[in-house]
Amino acid sequence: MTPIIDLQLSGPTELEWAATCNDLQPFVWPKCQRLVVVSPHPDDETFGAAGLIGDAIASGLGVLIISVTDGEAASSDPHLAEIRTAELASAVKCLDPSRSIRTVRLAFADSRLSQSLEALTREIARRLRPDDLVVCPLPDDGHPDHWATSTAAML
């Protein structure tokens with residue numbers, strides 16, 4: 001069963017997030033040659049992993065962003081896919097002006113990823129190398145596309 005977002009539930013407060021973040025241990029890079037960020041929608045890579053992407057670049061690691069959908073289901077705007085794709089390109093440029101980040105756009109249908117789980121798993125797997133560090137959304141954050149992306153990336 002894929003999760004459903006319940007917008008009636010309150011998330012953690014800023015104070016709760018601060019307490020959690022203060023308890024985190026410093027991040028230590030595992031042995032890897034490349035960071036691969038598997039992002040269900042354009043903007044998830046930036047909201048979820050911008051700091052990690054910047055640190056990877058500063059550490060000399062390669063970075064690949066796999067953008068699974070174009071985020072076209074977020075509104076009825078017929079040009080939303082193009083807008084969000086352009087926003088992704090702009091965000092990547094801000095994260096790395098040297099343009100060393102490689103971005104792959106898979107263009108799966110937004111909001112229907114769970115229907116394409118096998119194909120998504122194959123598309124992600126064929127782009128991975130044994131020395132990659134792969135990051136993706138948590139499977140239990142309540143968004144069905146995040147669940148599907150996480151499930152596919154972890155198989």
Side-chain angles (χ1 to χ4, degrees), residues 1-32 34-59 61-77 80-81 83-97 101-117 120-121 123-125 127-128 132-155:
M1 181 173 146
T2 57
I4 298 173
I5 295 174
D6 184 350
L7 297 177
Q8 301 303 313
L9 298 175
S10 296
T13 66
E14 187 173 343
L15 189 60
E16 290 168 326
W17 274 118
T20 298
C21 290
N22 288 337
D23 290 340
L24 293 174
Q25 296 297 313
F27 178 75
V28 177
W29 281 98
K31 185 175 178 168
C32 63
R34 182 174 71 162
L35 172 67
V36 178
V37 179
V38 185
S39 173
H41 312 100
D43 75 8
D44 290 325
E45 76 295 324
T46 305
F47 290 135
L52 191 61
I53 292 168
D55 197 41
I57 293 164
S59 298
L61 295 175
V63 176
L64 170 63
I65 296 172
I66 300 174
S67 188
V68 175
T69 76
D70 292 334
E72 70 278 5
S75 84
S76 60
D77 183 335
L80 188 59
I83 292 167
R84 295 197 69 188
T85 300
E87 289 172 347
L88 171 60
S90 180
V92 167
K93 185 177 177 183
C94 288
L95 287 169
D96 180 27
I101 296 174
R102 187 168 159 253
T103 305
V104 172
R105 183 177 150 249
L106 299 183
F108 278 86
D110 188 13
S111 295
R112 294 192 298 273
L113 284 180
S114 61
Q115 298 168 15
S116 304
L117 197 55
L120 177 57
T121 301
E123 287 298 316
I124 292 170
R127 289 169 169 81
L128 299 181
D132 286 338
L133 172 62
V134 179
V135 297
C136 61
L138 294 171
D140 62 352
D141 76 356
H143 193 300
D145 282 353
H146 294 199
W147 171 85
T149 299
S150 178
T151 299
M154 293 191 297
L155 291 177

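The first residue in the sequence is number 1, and the count goes up from there. None of the values given here were measured: they were computed from a predicted structure. FYI, side chains are in, hydrogens and waters are out, and symmetry mates aren't considered; it's all heavy atoms of this structure.
Relative ring orientation between H146 and H143 is described as parallel, the plane-to-plane angle staying below 30° on a 0-90° scale split at 30° and 60°.
Annotation for I57 and L95: closest pair CD1-O, 4.0 Å, computed over non-hydrogen atoms. In terms of heavy atoms, R127 sits closest to L64 at O-CD2, 4.2 Å. Taking every heavy atom of both residues into account, L80 and E72 meet most closely at CD2-O, 3.7 Å. Contact between I124 and A153 at its shortest, heavy atoms only, is CD1-N, 4.0 Å. Minimum interatomic distance between P139 and W147 (heavy atoms only, all atoms of both residues): O-CD1, 3.4 Å. Among all heavy-atom pairs drawn from L138 and S150, the shortest one is C-OG, 4.0 Å.
Enclosure of atom CH2 in W29 by more than 12 non-hydrogen atoms of other residues, nucleotides or ligands within 6.0 angstrom is indicated. Atom CG of L24 has more than 12 neighbouring heavy atoms from other residues, nucleotides or ligands inside a 6.0 Å radius.
For the side chain to side chain contact (heavy atoms under 4.5 Å, CB included) test, residues two or more places apart in sequence or in another chain that qualify with E16 are P12, T13. The side chain to side chain contact (heavy atoms under 4.5 Å, CB included) search around P97 returns none, not counting sequence neighbours. Scored by the side chain to side chain contact (heavy atoms under 4.5 Å, CB included) test, S116 finds F108 as partners (sequence neighbours excluded).
Side chain of D55 to backbone of G51: no donor-acceptor contact under 3.5 angstrom is found.
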Does the side-chain contact (heavy atoms from CB on, under 4.5 Å) test come out yes or no for V134 and L128, once each step is laid out? CA-CA 8 Å; V134 179; L128 299 181; 3.8 Å; yes
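Here CG of L113 is found 8.0 Å from OG of S111. Values are rounded to the nearest 0.5 Å. Note that CG of L61 is 12.0 Å distant from CD1 of I53, once rounded to the nearest 0.5 Å. Taken from CG in L88 to NZ in K93, the straight-line distance is 13.5 Å, to the nearest 0.5 Å. Here the straight-line distance linking atom CZ of R105 with atom OG1 of T69 works out to 10.0 Å at 0.5 Å rounding. Separating the CD1 atom in I65 from the CD1 atom in I101 is a distance of 5.0 Å, to the nearest 0.5 Å. Note that OG1 of T151 and CG of L117 are 6.0 Å apart. Values are rounded to the nearest 0.5 Å.
The only option from V92, V63, T85 that meets the side-chain contact (heavy atoms from CB on, under 4.5 Å) definition with T103 turns out to be V92. Among D43, D44, D70, D77, the single residue meeting the salt bridge (Lys or Arg N to Asp or Glu O under 4.0 Å) criterion with R84 is D43.
Residues S67 and P42 have side chains in contact (heavy-atom distance under 4.5 Å, counting atoms from C-beta outward). V68 places none of its side-chain heavy atoms less than 4.5 Å from the side chain of D145.
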